[in-house]
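A short write-up of the structure that comes next.
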Amino acid sequence: MRGFWHLVDAVLASIILLGFVVVMGQNIAVMPQEEPLNYLAFEELMELDEQGILRDHAIAMDYAGLNSHVTLYVYNHSIEICDSSDNCVGERPEDKNVWVGTYVISGKDAYDPHTVKLYVW
Amino acid sequence: MFGESMERKRLKGQFFILGALALAIAFYIGLNIPEKIHTPHADDLVFMSRNMKKDLPLALNLGLMDDTGVQTLNNFTLFSKSVMRGHYINYSLVWAVVETLPGGQINVTVGNYWGEDLDINMNVNDVNQPVSGILDSSTFTTQFPPVGAPFYNFTLEFGEENRTVEFANEKVNLYSLIELKRGEALIREEIAA
């Protein structure tokens, strides 16, 4: 009989302990936040536009030429350009953790809309 | 005697459990637990709205260069909506292209891309023109009498929105209210050019 009550005590203590650990774990375990590289990618595209580089390359669908102007040296990066008919050229990376900044242009000297995507990983 | 002793031992065990529970609660309360970080993934909404603030007026300018101003703005609106849809962004906008005709009348073309039919009230220097049921994804054109001044006030009113901007008589003016929404993240911006 004594052993039985010890067992009950032990089970109750285990339940309380486990419950405590689970509750604490839910509140303390915060997923690590990754650096938002899509911000960097968008800023880079906007900067290239400010410098007058982006639109000519985008309209010419020259993804390699545009990628060569990207200054995010610390990261791997590639460019994909799509026209209004969704014909796309460029390199879309296969890696798992890839950020993308998207920039829409209406044209330069005439209306000729394109989408430029800068992938960063 | 034996039963009494057991009762005391059972109570002792329960005190241990209660003590452990009290300690656990005290420890939990004493901890400064940081709040969970919820990222609304609104970053790209900010980027896209900045992008639109730049390229929506540019699309109109490019259209005006080959006399297809409103049509080009229309096409760019549909193009950008489709790009946003690819990013799961619900992009809604209403724009108004306001220009002075050779006779001095003020020509107003409103584009409704708000996602629903709208009753819109337009006002140019206190002359009012309410229009009911402008269909979603369509445009509506109307004219106002000449203002005879270099600047005039233009008011666009629909739903709970009521915006007034000052426009120049000598140029083609653009006003737009844009809204980008994904889940609970929402950005609303005005464009006047």
Side-chain angles (χ1 to χ4, degrees), chain A residues 1-2 4-21 23-34 36-46 49-50 55 82-86 99-117, chain B residues 2-3 5-7 9-21 23-25 27-28 31 33-39 41 43-44 46-48 50-52 54-66 68-69 71-73 75-80 82-84 86-87 89:
Chain A
M1 200 60 184
R2 252 171 101 177
F4 171 75
W5 287 115
H6 278 306
L7 191 67
V8 171
D9 286 344
V11 168
L12 280 173
S14 302
I15 290 169
I16 290 167
L17 194 65
L18 273 173
F20 178 70
V21 167
V23 169
M24 292 298 287
Q26 278 177 348
N27 286 285
I28 288 178
V30 177
M31 290 293 285
Q33 297 295 299
E34 294 176 84
L37 297 183
N38 57 339
Y39 176 76
L40 281 181
F42 180 84
E43 289 293 337
E44 181 72 13
L45 291 172
M46 190 156 244
D49 192 19
E50 297 293 328
R55 287 177 195 255
C82 301
D83 66 13
S84 56
S85 306
D86 215 22
W99 294 84
V100 62
T102 304
Y103 198 76
V104 181
I105 62 160
S106 51
K108 193 188 175 195
D109 300 320
Y111 179 67
D112 193 1
H114 286 77
T115 309
V116 182
K117 290 178 183 173
Chain B
F2 178 72
S5 159
M6 270 303 295
E7 192 68 26
K9 285 207 183 276
R10 271 167 60 191
L11 278 175
K12 202 174 164 189
Q14 286 163 352
F15 280 129
F16 272 121
I17 292 169
L18 287 173
L21 189 62
L23 276 173
I25 291 169
F27 183 57
Y28 184 74
L31 274 180
I33 297 168
E35 284 184 19
K36 282 185 185 175
I37 299 166
H38 295 286
T39 311
H41 301 293
D43 286 356
D44 57 343
V46 178
F47 306 151
M48 287 299 205
R50 280 171 65 189
N51 193 172
M52 288 303 110
K54 183 170 187 178
D55 265 74
L56 198 69
L58 183 61
L60 176 62
N61 281 341
L62 292 171
L64 289 170
M65 282 159 52
D66 59 5
T68 59
Q71 184 55 47
T72 301
L73 189 62
N75 292 342
F76 184 68
T77 301
L78 293 171
F79 176 70
S80 46
S82 132
V83 172
M84 303 270 191
H87 288 73
I89 299 171

Given a strict heavy-atom distance threshold of 4.5 Å, which part of [X] is in contact with chain A: side chain, backbone, both, or neither?
X: B/N61; answer: neither
X: B/F76; answer: both
X: B/M52; answer: side chain
X: B/D66; answer: neither

Once rounded to the nearest 0.5 Å, what's the spacing between atom [atom1] of [X] and atom [atom2] of [Y]?
X: B/N51; Y: B/D44; atom1: CG; atom2: CG; result: 11.5 Å
X: A/Y111; Y: B/L64; atom1: OH; atom2: CG; result: 13.5 Å
X: B/H87; Y: A/K117; atom1: NE2; atom2: NZ; result: 5.5 Å
X: B/L56; Y: B/S80; atom1: CG; atom2: OG; result: 7.0 Å

Honestly, the part of A/D109 sitting under 4.5 Å from a heavy atom of chain B is backbone
Quick check on the interface: out of [options], who has the most heavy-atom pairs with chain B under 4.5 Å?
options: A/K108, A/R55, A/M46; result: A/R55
options: A/L45, A/T102, A/V100; result: A/T102
options: A/T115, A/D112, A/D86; result: A/T115

I'd like to know if the side chain of B/T77 reaches the main chain of B/L73, judged simply by a donor and an acceptor atom lying under 3.5 Å from each other, with no hydrogens or angles considered. yes
Any residue meeting ring pair (Phe, Tyr, Trp, His ring centres under 6.0 Å) with A/Y103, in chain and number order, not counting sequence neighbours: A/F42
